[in-house]
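If you're wondering where the values come from, they're calculated on a predicted model, not measured in any experiment. To find a chain, count down the sequence lines: A is the first, B the second, and so on, and within it residues start at 1.
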2 protein chains.
Amino acid sequence: MADQHTSAPPPADRALPATAWAVLGLLSFPGERTGYELKKWADASLRFFYWSPAISQIYAELRRLESLGYVTSRRSGPEEPRTKRTYAITALGRGALADWAGSAQDAGAAVLKHPLLLRVWLGHLTSPEHLRALVVEHIARTKGELKEVMDAGAQAEGVEAWAHPQIALRWSERRLKSELELAEAMLADLDELPS
Amino acid sequence: MADQHTSAPPPADRALPATAWAVLGLLSFPGERTGYELKKWADASLRFFYWSPAISQIYAELRRLESLGYVTSRRSGPEEPRTKRTYAITALGRGALADWAGSAQDAGAAVLKHPLLLRVWLGHLTSPEHLRALVVEHIARTKGELKEVMDAGAQAEGVEAWAHPQIALRWSERRLKSELELAEAMLADLDELPS
DNA sequence: GTGTGCATGTAAGTGGTTACATGATTGA
DNA sequence: TCAATCATGTAACCACTTACATGCACAC
């Protein structure tokens, strides 16, 4: 436990959580942006295949990233009047992110937490009508999300820097369409259940 | 802060997390089981559409559930020699679980955390070959999971108490099949990318 | 007699959320 | 002038994981 206070922290003592890389990734596309903008971005795209951290989490992540030298920030530029802080990725950050992206030979298992399925799984405790209603509600929500994804995809159209994000969005679009089919099939299964 | 030690705690001061209901749900099917068995169960079914808590978490959840009177436990029955603790759901617990299952008119949005998609999204930072390899790896893993789901589904076959869990497994099976298609389609998209 | 599975639990720590607090800017 | 949006941040809390510790039973 000697030397508790090193002025320059060792490059990376502990591995960063995926969230940190996701936030840094958001900054790896051309342009600078504020934490607030990052949150909206995450809501509009990341969310569909990874998840959107709380805004407070994004700010915390940005501070950590800055302390590692992976991003820099500047307060309210000459033109802009507001008290806002704009972040940009550094060369070091880009390098670290590229290392992370290229390192693993296995991205890791996907985590799915589907509350609707949890209810269906416990279906013996409630009425068939209620279960049906939940599935129907889920279908409606999914249709809404599908619309959002398609809008996001349209915005990325043609911009070459967005090529990969667009593939992710296309995947999400197909995924949501399949989610609808899955829900319909489950509705049919539910109907075939003996009362 | 008067009366810190009420012998019978008020039914539920704070809402329980979904995990608690999932664990209680595991006990809502006929039979008693140990924490260890619960974990294996969760790994074999819950995991495919919700997720499997760490074993230590399951033990913690069981203690909480017991303190609420939702489950009871007994140590090593007359026959069984080992130091194990077997849990069973109580009428109170079953009631609370049924309330939870029947209460919401909306199960809540599904959360998907797909590390592979995160890498693809950041594809501009790595090589097309590496990206392809990750997708291929994911396909292999998914095939393995599909096999597991089908095995689990086969075990539930015909048992009437498992009707709903089986629907959840059937959903999972279809979902994994669609996951494979999605991955293949993404592979095709990746190939069409200009270098 | 040794490793694997069964079985339970503690301690420490991280990741993340919600609620709260603050204030400037924009447009109806 | 009032509400919504932009913008940042703190504090408290909780959910959950990892690592560790322990020990029995059984098969090879």
Side-chain angles (χ1 to χ4, degrees), chain A residues 1 12-24 26 32-44 46-47 50-68 71 73-77 79-87 108-109 111 113 115 118, chain B residues 12-24 26 32-44 46-47 50-68 71 73-77 79-87 108-109 111-113 115 118:
Chain A
M1 287 295 166
D13 213 79
R14 298 188 47 75
L16 290 173
T19 306
W21 299 117
V23 171
L24 190 55
L26 246 8
E32 309 181 323
R33 36 199 88 72
T34 66
Y36 191 89
E37 286 170 318
L38 254 19
K39 170 58 176 168
K40 285 199 304 176
W41 262 50
D43 283 347
L46 246 197
R47 159 165 85 95
Y50 205 77
W51 115 97
S52 188
I55 179 70
S56 61
Q57 175 73 1
I58 287 182
Y59 287 124
E61 236 32 280
L62 285 171
R63 285 189 292 266
R64 161 154 57 177
L65 256 14
E66 186 162 35
S67 84
L68 290 170
V71 301
S73 72
R74 55 181 186 78
R75 275 207 103 94
S76 48
E79 326 298 56
E80 324 200 22
R82 287 208 228 58
T83 60
K84 64 178 175 183
R85 185 175 286 275
T86 315
Y87 289 88
V111 175
K113 269 192 177 188
L118 196 55
Chain B
D13 212 78
R14 298 188 48 77
L16 289 174
T19 305
W21 299 117
V23 171
L24 191 56
L26 247 7
E32 308 182 325
R33 37 198 87 73
T34 67
Y36 191 90
E37 287 171 315
L38 253 19
K39 170 60 176 165
K40 286 199 304 176
W41 261 50
D43 282 348
L46 244 197
R47 158 165 87 93
Y50 207 74
W51 113 99
S52 189
I55 180 70
S56 62
Q57 175 73 4
I58 288 182
Y59 287 124
E61 227 47 90
L62 285 170
R63 285 189 292 266
R64 161 154 59 178
L65 257 14
E66 185 162 37
S67 85
L68 289 169
V71 303
S73 72
R74 54 180 187 79
R75 277 206 102 93
S76 49
E79 323 299 58
E80 324 200 22
R82 288 208 228 58
T83 60
K84 64 178 174 181
R85 186 175 286 276
T86 314
Y87 288 88
V111 175
L112 176 63
K113 270 191 175 187
L118 197 54

Legend entry - Taking every non-hydrogen atom, the tightest pair across A:Pro115 and B:Gly108: CG-O, 3.8 Å
Legend entry - Rounded distance (Å) that lies between atom P of C:dG5 and atom NZ of B:Lys84: 17 Å
Inset, instruction - Please report the shortest heavy-atom distance between B:Tyr50 and B:Ala18, naming the atom on each side. - result: OH-CB, 3.2 Å
Legend entry - Short side-chain N/O contact to D:dC6 OP1/OP2 from A:Lys40, under 4.0 Å: yes
Legend entry - Interface residues of residues 54-64 of chain A with DNA chain C (non-hydrogen, below 4.0 angstrom): A:Ala54, A:Ser56, A:Gln57, A:Arg64
Legend entry - For A:Gly35 against A:Tyr87, the heavy-atom pair lying closest together: N-CD1, 4.5 Å
Inset, instruction - State whether A:Thr19 places a side-chain N or O below 4.0 Å from either non-bridging phosphate oxygen (OP1 or OP2) of C:dG16. - result: yes
Inset, instruction - For A:Ala20 and for B:Tyr87, find the nucleotide of DNA chain C with the closest heavy atom, then tell me which residue's nucleotide is more 5'. - result: B:Tyr87
Legend entry - Distance (rounded to the nearest 0.5 Å) between A:Thr86 OG1 and A:Tyr36 OH: 14.5 Å
Legend entry - From A:Glu37 atom CD to A:Leu26 atom CG, the distance as rounded to the nearest 0.5 Å: 10.5 Å
Legend entry - Gap separating the CG atom of B:Asp43 from the OG atom of B:Ser52, nearest 0.5 angstrom: 3.5 Å
Inset, instruction - Take atom CZ of B:Arg74 and atom C1' of C:dT8, then tell me their distance rounded to the nearest Å. - result: 16 Å
Inset, instruction - Calculate the interatomic distance between A:Tyr36 atom OH and C:dA24 atom P; express it in whole Å. - result: 17 Å
Legend entry - A:Arg85 CZ - D:dT8 P separation (whole Å): 9 Å
Inset, instruction - Examine D:dA7: is either OP1 or OP2 under 4.0 Å from a nitrogen or oxygen in the side chain of A:Lys39? Give yes or no. - result: no
Legend entry - Smallest separation among heavy atoms of A:Leu46 and A:Ala22, with atom names: CD1-CB, 3.9 Å
Inset, instruction - Output yes when at least one side-chain N/O atom of B:Lys113 is less than 4.0 Å from OP1 or OP2 of C:dG16, else no. - result: yes
Inset, instruction - State, to the nearest 10°, the angle formed by the axis through the first five base pairs of the helix from C:dG1-D:dC28 to C:dA28-D:dT1 and the axis through its last five. - result: 30°
Legend entry - Separation of D:dA15 P from B:Trp21 CH2 (nearest whole Å): 13 Å
Could you pull out every donor-acceptor pair under 3.5 Å between side chains of residues 53-60 of chain A and any protein atom, sequence neighbours left out?
from    : atom 1 : to      : atom 2 : distance (Å)
A:Gln57 : NE2    : A:Glu61 : OE2    : 3.0

Legend entry - Residue-phosphate contact under 4.0 Å: B:Trp51 side-chain N/O, D:dA15 OP1/OP2: no
Inset, instruction - Measure the distance from CZ on A:Arg47 to P on C:dG16 and round it to the nearest whole Å. - result: 18 Å
Legend entry - Which atom of B:Leu62 lies closest to which atom of B:Val71, heavy atoms considered: O-CG2, 3.9 Å
Inset, instruction - May I ask you to evaluate whether B:Thr34 reaches the phosphate of C:dT8, defined as a side-chain N or O under 4.0 Å from OP1 or OP2? - result: yes
Inset, instruction - Could you check which of C:dG15, C:dG9, D:dA7 has an atom nearest any side-chain atom of A:Glu37? - result: D:dA7
